[in-house]
Each structure stands twice: as C-alpha cells, then as structure tokens.
S.K.: 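Handing you a structure now.
Values below: all heavy atoms of this structure, side chains included; hydrogens, waters and symmetry mates excluded.
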Amino acid sequence: MDTATKTASTLTWFNVGLAFSFIALNAVISKIYHLGIGVDLVTAAVRCIVQLALVASLLQSVFETNNPWAVAGIALLLNILGTFETVVNKSKRRHERMFRSVLFGMLGSTIPVSIIGARYAMSVDPFWTLRIPIVGMLCGSTISGVVVSVSYVLKELKENRDKVEVYLAYGATRMEACKPIAIEALILALTPPINQMSVLGIIAIPGMMTGAILGGSSVEQAAKMQMIIMFMISASSGLASIFTTAYAISIIVDDEHRIRSDRIHSQPLALWAERDRMLRIGYGTFPGG
C-alpha cells in the first residue's frame, strides 16, 4: 500500500501529458474515419484538465480553512455549474424555465442526499468535511439522469404528440396523458445506475474504490464506501429525474391541456454555436483536416 501511495503522489504533468496521448489517438481515428467527434474529444479532455486543476487548488484552500460556509458555497457552485452544463451543453432540446427546474432538482437531490449519506451512512463527523467530493460525484451522475429523462420527454412531446393529444381529448389530465412518457423517461434515466451497480466488483472496479485503495484505505473499507456512494448516486439521480420530468410536462402541457410545442427550443445558444464553429475551424487546420 505504501508503494501505491508513493506512486500516486509522484504524478507530474508529464504523466498527464502521456495519458493525453490516448485522447489524441482517438481524435486521429475520428479524423481518419470521419466520425466527427474529434473536436468534442479534445475539447472535453482540455476542459477536464483545466477544471480538475482548478478544483484541486480550490479544494486544498477550502480544506485548510476548515469553514463549513465555504464548503456550502462550493457545493452550491457545483450545482449551479452542473445546471448550466445540463441546460446549455448537454441538452439538444430545452424548455422554458428549464434552468430553474434543473437547479431546483439538483439542489433538492444532491444536498439532502449528501448530508444524510455523509452524516449517517458514512458516519463522518463533522459531516460537511466530505460534502464537496460527495456533491461532485452526485452532480456528475445526476446530470446524466436529468438530461436523459428531460430529453426523452421533450422529444416525445415534440415528435410524437398524437398519442398524448388523444388522451387529452378523452378528458385525461396532463399528468395522466403523459404518464407513459414519464415512466419511460425515468426508466431510461435510472437504467445506467442500475447497470453500474449490477457489474461493480465482479466485472468492473470503480474509480472511487481504486482511488481509496491507492490513498491508503483498506480494500474492505473502500468497498463499503463504494457501496454507499453508489446507493447515494442512485437516490440523487432518481429524485432529480422525477422532479425535472414532472416540471417539464407541466410546462409543455399547459393548464388548459394543450401541448405547447412553442415552449420547446432546439437551437443552440449563439455564443456556443460560434464557439463550436471556431473549434472546428481550428481542428481543420491540423494535417489531414
């Protein structure tokens, strides 16, 4: 264990650069086979480096201050950034007031789940010492669940609205008419956590457990911690997906039981469309571009 910890503590930016070559290889493959995802791969990798470097510096300062209000502020910031990522970057379709609904859904799931999980399931005292890493993990998985569920709802109400209109014409409420869509959306949102839990330990060794072992924890404690984290992730994803799905339905199908397709927007924001255009121009300047 000491050897593993020593190895992990001596990583340099040169090691990160070597690992980045895997991303570069995928980008080259994308270019050769015209997959069109090379820009997204490189952009995501660069964002990963910058964001993790900033977070590492920020977290070190927060941990040194030992201030619960600083932890609460970072947790709130993570949820706001997660909401921005969900609405602006991840969702091909958006509805009116989506930022508000996603933010409430994120806060209403990640914050209580992280507090209860850290205080009681993990027996951490004071509970807020691990809030930032836990909220970060919950936000990452919750974003995926929200994007899948809301995107499915908007897609169905935009492209396959006939079935819902039939239900509405026969006197069903908007929630009754959209119940099959909501159920399918929630199934899709919760399928990844279910699949992930079913293969952990036997087929896959999760990253958090690996990191805990490299950090010096016993294998048994790392496994138990991973179990708790996975249960928390499933709960957070489920709560946020339920809230945002119900809110999306209430916005698209109004109080008069009309499907308001005009409240669904699919155009990318002008700033991000220009950013993507510039990235593709820059990517095309590479050899073979």
Side-chain angles (χ1 to χ4, degrees), residues 1-32 35 37-67 70-71 73-75 77-78 80-82 84-85 89-90 114 118 122 124 128-141 143-144 196 200-201 203-226 229-230 233 275 278-280 282-289:
M1 191 62 64
D2 292 338
T3 302
T5 305
K6 182 179 179 181
T7 301
S9 63
T10 55
L11 293 178
T12 65
W13 286 110
F14 177 74
N15 301 111
V16 176
L18 288 177
F20 187 83
S21 63
F22 298 129
I23 300 296
L25 175 62
N26 286 338
V28 171
I29 293 174
S30 170
K31 195 65 172 176
I32 293 174
L35 302 181
I37 60 173
V39 172
D40 295 333
L41 278 170
V42 175
T43 303
V46 172
R47 284 188 58 185
C48 176
I49 293 172
V50 174
Q51 290 165 181
L52 285 177
L54 291 175
V55 166
S57 301
L58 182 61
L59 289 184
Q60 185 64 35
S61 301
V62 171
F63 290 155
E64 290 174 353
T65 61
N66 200 29
N67 188 336
V71 174
I74 297 299
L77 178 63
L78 289 175
I80 293 175
L81 293 176
F84 185 85
E85 180 74 13
N89 288 337
K90 300 299 183 183
S114 65
M122 296 181 178
V124 177
W128 47 265
T129 54
L130 292 180
R131 278 278 303 283
I132 296 177
I134 293 173
V135 170
M137 285 187 288
L138 296 183
C139 282
S141 297
I143 286 173
S144 300
Q196 192 173 4
L200 285 183
I203 301 174
I205 303 297
M208 201 223 77
M209 180 177 172
T210 303
I213 295 173
L214 292 175
S217 298
S218 69
V219 177
E220 181 181 1
Q221 287 298 310
K224 291 177 180 178
M225 186 69 71
Q226 184 64 55
I229 289 294
M230 285 307 305
I233 287 175
R275 180 205 63 180
M278 296 301 296
L279 286 173
R280 285 180 170 81
Y283 183 62
T285 60
F286 289 107

S.K.: Please test Trp13 against Ile49 for side-chain contact (heavy atoms from CB on, under 4.5 Å), starting from the C-alpha separation and ending with a verdict.
M.R.: CA-CA 10 Å; Trp13 286 110; Ile49 293 172; 3.8 Å; yes
S.K.: Do the side chain of Ser21 and the main chain of Gly17 share a donor and acceptor less than 3.5 angstrom apart?
M.R.: no
S.K.: Whether the side chain of Ser30 engages the backbone of Asn26 through a donor-acceptor N/O pair (distance < 3.5 Å, no angle test) should be reported.
M.R.: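 No, the answer is negative, given that no donor and acceptor are paired below the 3.5 Å cut-off.
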S.K.: Between Thr12 and Asn15, do the side chains contain an N or O donor and an N or O acceptor separated by less than 3.5 Å?
M.R.: yes
S.K.: Any chance you could lay out the side-chain contact (heavy atoms from CB on, under 4.5 Å) test for Met122 and Ile134, step after step, and finish with the verdict?
M.R.: CA-CA 11 Å; Met122 296 181 178; Ile134 293 173; 3.7 Å; yes
S.K.: What pair of heavy atoms forms the shortest contact from Lys90 to Ile143, and how long is it?
M.R.: CG-CG2, 4.4 Å
S.K.: Which heavy-atom pair separates Leu78 from Ile132 by the least distance, and what is that distance?
M.R.: CD1-O, 3.9 Å
S.K.: Distance check, rounded to the nearest 0.5 Å: Leu200 atom CG versus Ile229 atom CD1?
M.R.: 12.0 Å
S.K.: As an exercise, state the distance from OG of Ser141 to CD of Gln196, rounded to the nearest 0.5 Å.
M.R.: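 It comes to 6.5 Å.
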S.K.: Any chance you could lay out the side-chain contact (heavy atoms from CB on, under 4.5 Å) test for Lys224 and Glu220, step after step, and finish with the verdict?
M.R.: CA-CA 6 Å; Lys224 291 177 180 178; Glu220 181 181 1; 3.1 Å; yes
S.K.: Between Ala27 and Val42, what is the shortest heavy-atom contact and its length?
M.R.: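 Of all heavy-atom pairs spanning Ala27 and Val42, the closest is CB-CG2, 3.9 Å.
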S.K.: Step by step, work out the side-chain contact (heavy atoms from CB on, under 4.5 Å) result for Leu81 and Gln51.
M.R.: CA-CA 11 Å; Leu81 293 176; Gln51 290 165 181; over 6 Å; no
S.K.: Quick one: does Met230's side chain get under 4.5 Å of Met137's, heavy atoms only?
M.R.: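 Answer no - side chains too far apart.
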S.K.: Testing Leu41, Thr43, Ile37 one by one against Val39 for a side-chain contact (heavy atoms from CB on, under 4.5 Å), which residue passes?
M.R.: Thr43
